[in-house]
Amino acid sequence: MGLDWRGVLYGFARPILFRFDPERIHRLTIRLLGGAGAHPTGRAMAALAGGVQRGGGAPVRLLGLRFRNRIGVGAGFDKDALALAGWAALGLGFVEVGTVTPSRQPGNPRPRLYRLPADGALINRMGFNNAGAAALARRVMLARRSLPPGFVVGVNIGRAKGTEPAGAIADYLACHRLVAPVADYLAINVSSPNTPGLRDLQAVDLLSDLLARLDAAGAARGARPPLFVKLAPDLEPGPFDAVVTALLDTPAAGLILANTTTARSALRSAAGLAAERGGLSGDPLRARMLGAVERARQLAGPRLVIIASGGISSADATRDALDAGADLVQLWTGLVYRGPGLIGEAVRASA
C-alpha cells in the first residue's frame, strides 16, 4: 500500500491546530466545511481530502433508506447542521446532526472540551449547546436541494438542561414536531453524561413510554422517521440486556452504541486532565463499544439496526465494528486525530 499523502499532510497540520483551544478549532472547522460545501471548488477539494472514490462507496439499504456507504459522522460534531453539503462532499454516507433541544441553549461554561493526545481521546462537557430545533430544521430543509442521492441526514434530539425530569417527554415531543418532517431518522439521546438526570431515561419503563409517545406523535402528523436510541457505554450488563430486550417490543428501529463514558480507567494522560468532568470519547471507548455492539446483536438479532459509535480511528477499527454486528459506523474523535483521510479509509474498509 502506498503512502497516504492525506495522513502525511494532516500529520504536519495537527501539531499547529493543537496549539489552539479545541472548541475554537472545532468551530473553525465547521465554518470552513460549511463554506466548502457551498461552492463547486470547495466541494471538489473536500472530496479530495476525504479520499472516497467517485460514487461514494458501496451502498446499503436499511429501514427503507439508501445509504451510499456505511460511514457517517456522529452527533455533536455539527450540532446545528451548518455543514451538510460539506460532509456529503467529504464522501460520507450519512451525518447525524444535533443534539438539538426545543429552544436555543448555550450549554455549559467554558472551557468544556479537552484533548487527551496520549490516549487518542477527548473529554467534553458541552451540555447540548445548540441553536434550537426550529433553526436546525430550517437548515436541513434548505440543504436538501444540494445533497447527493444516498446521503442520509439523521437528527439527534434531547432534553433541555433546565427542564425538570417530569417535563422530559414534552421536550422530546417538541423536538420531534419540529425536526421529524425533515429528518431521515431520529436519534433519541437518553445517555449524555452532561445533562443532569438524562441517563435516568434509560430505565425500561420510561424509555418504552417515550418511544411510544414519539411514535404516536409521528403517526398522527404523518412524519414518522425511524427511531434510534443512543445508549451509554456505562450500563452494567444486566440493565443493558434489559433495555435492549425491551426495545424489541417498542417502535425503536435501531440502536446507537455508544455515547461517551464517565469511566477513566487506564488513561495515559496527565491525571489532572484525565479527571476533567464530562464524557470521554475516542480510542479508550473502543473496547466498550465493541462489546456492546456484539451483545446487542446477540440479543436483538436482525430486529434492530445498530450504529457503532466510539473509538473508530482506523480501517481495522471499522472492520472490527462491522464484524461485531454493526450495520453502520460513525466517526467523531478519530477525525480530530487522523483528519478527513480517515473517511476514505473507513469507507474502503466497510465495502
Side-chain angles (χ1 to χ4, degrees), residues 74-76 79-80 96-108 112 124-137 154-183 185-221 223-236 239-240 242-247 249-262 277-279 309:
K79 292 175 181 287
D80 294 313
E96 189 176 306
V97 295
T99 298
V100 68
T101 52
S103 301
R104 174 187 292 272
Q105 64 177 28
N108 292 322
R112 53 193 181 181
N124 92 83
R125 52 172 179 266
M126 305 300 288
F128 292 170
N129 55 307
N130 73 100
L136 181 139
V155 179
N156 187 299
I157 61 176
R159 193 204 83 195
K161 182 178 181 180
T163 299
E164 295 295 328
I169 288 181
D171 271 14
Y172 287 96
L173 288 169
C175 288
H176 186 285
R177 177 176 58 82
L178 291 165
V179 304
V182 302
Y185 73 83
L186 288 181
I188 315 306
N189 192 341
V190 291
S191 51
S192 170
N194 299 319
T195 296
L198 188 75
R199 288 186 167 188
D200 294 343
L201 289 170
Q202 294 176 120
V204 167
D205 291 346
L206 293 175
L207 185 54
S208 297
D209 183 43
L210 172 59
L211 289 165
R213 299 275 295 276
L214 291 172
D215 184 63
R221 298 192 189 98
R224 208 174 183 182
L227 301 177
F228 282 72
V229 177
K230 189 167 187 176
L231 295 178
D234 303 318
L235 283 170
E236 294 296 326
F240 179 84
V243 171
V244 175
T245 302
L247 289 178
D249 295 320
T250 73
L255 277 171
I256 302 171
L257 300 168
N259 214 317
T260 56
T261 179
T262 56
R277 290 180 298 105
S309 184

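Throughout, numbering of the chain's residues begins at 1 and tracks the sequence.
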Q.
For T250, give me all partners under side-chain hydrogen bond (donor to acceptor under 3.5 Å, both in side chains), at least two apart in sequence or on another chain.
A. none
Q: Report yes if the side chains of L257 and S309 come closer than 4.5 Å at any heavy-atom pair, otherwise no.
A: no
Q.
Looking at S208 and V204, would you say the former's side chain and the latter's main chain have a donor-acceptor pair under 3.5 Å?
A. yes
Q) What residues form a side-chain contact (heavy atoms from CB on, under 4.5 Å) with R277, not counting sequence neighbours? A) R125
(Q) side-chain contact (heavy atoms from CB on, under 4.5 Å), that's the test. Do K79 and N129 meet it? Break it down for me. (A) CA-CA 8 Å; K79 292 175 181 287; N129 55 307; 3.0 Å; yes
Q | Least distance between heavy atoms, A183 atom then P225 atom | A | O-CB, 3.6 Å
Q: Take V97 and D80, measure what side-chain contact (heavy atoms from CB on, under 4.5 Å) needs, and give me the verdict at the end.
A: CA-CA 7 Å; V97 295; D80 294 313; over 6 Å; no
Q. What heavy-atom pair brings P102 and C175 nearest, and what distance separates the two atoms?
A. N-SG, 3.4 Å
(Q) Could you go through K161 and N108, starting from their C-alpha distance and side-chain angles, then the distance that decides it, and tell me whether this counts as side chain to side chain donor-acceptor pair (under 3.5 Å)? (A) CA-CA 9 Å; K161 182 178 181 180; N108 292 322; 2.6 Å; yes
(Q) I169: which residues meet the side-chain contact (heavy atoms from CB on, under 4.5 Å) condition with it, sequence neighbours left out? (A) L173, D209, L210, R213
**Q.** Check: N194/N124 side-chain N/O donor and acceptor closer than 3.5 Å
**A.** yes
(Q) Using the side chain to side chain contact (heavy atoms under 4.5 Å, CB included) definition, which of the options L231, L198, T195, V100 pairs with N189? (A) L198
Q) In chain order, what residues pass the ring-ring contact (aromatic ring centres under 6.0 Å, His included) check against Y172, with sequence neighbours excluded? A) none
Q | Those residues that, when tested against T101, pass side-chain hydrogen bond (donor to acceptor under 3.5 Å, both in side chains) (two or more places apart) | A | N130
Q. At their closest point, which heavy atom of A258 faces which heavy atom of A232, and how far apart are they?
A. CB-C, 4.2 Å
Q. Listed by chain and number, what are the side-chain contact (heavy atoms from CB on, under 4.5 Å) partners of P239, not counting sequence neighbours?
A. L235, E236
(Q) What's the separation between atom NZ in K230 and atom CD in E96, rounded to the nearest 0.5 Å? (A) 6.0 Å
Q: Please list all pairs passing the salt bridge (charged side-chain N to carboxylate O under 4.0 Å, His left out) test where one or both residues lie in residues 163-181, with sequence neighbours left out.
A: none
Q | Results of side-chain hydrogen bond (donor to acceptor under 3.5 Å, both in side chains) for T262 - residues two or more places apart only | A | D234
Q.
Applying side-chain contact (heavy atoms from CB on, under 4.5 Å), can you list everything that pairs with A135, at least two apart in sequence or on another chain?
A. A131, R139
Q: Keeping to residues at least two apart or across chains, list the ring-ring contact (aromatic ring centres under 6.0 Å, His included) pairs with something in residues 185-217.
A: Y185-F228
Q: Check whether more than 12 heavy atoms from other residues, nucleotides or ligands sit under 6.0 Å from atom CZ of R199, and answer yes or no.
A: yes
Q | Closest non-hydrogen atom pair between F128 and R159, with its separation | A | CD1-O, 3.5 Å
Q: Consider only side-chain N and O atoms of S192 and N259, and report whether a donor and an acceptor are under 3.5 Å apart.
A: no
Q) Considering all heavy atoms of both residues, which atom of G278 and which atom of P193 are nearest to each other, and what is their separation? A) C-CG, 4.4 Å
Q: Could you tell me whether a side-chain N or O of Q202 sits under 3.5 Å from a main-chain N or O of L207, the two making a donor and an acceptor?
A: no
**Q.** I188 CD1 to N156 CG distance, which is reported to the nearest 0.5 Å
**A.** 8.0 Å
Q: Report the distance from atom CD1 of I157 to atom CG of L136, rounding to the nearest 0.5 Å.
A: 11.0 Å
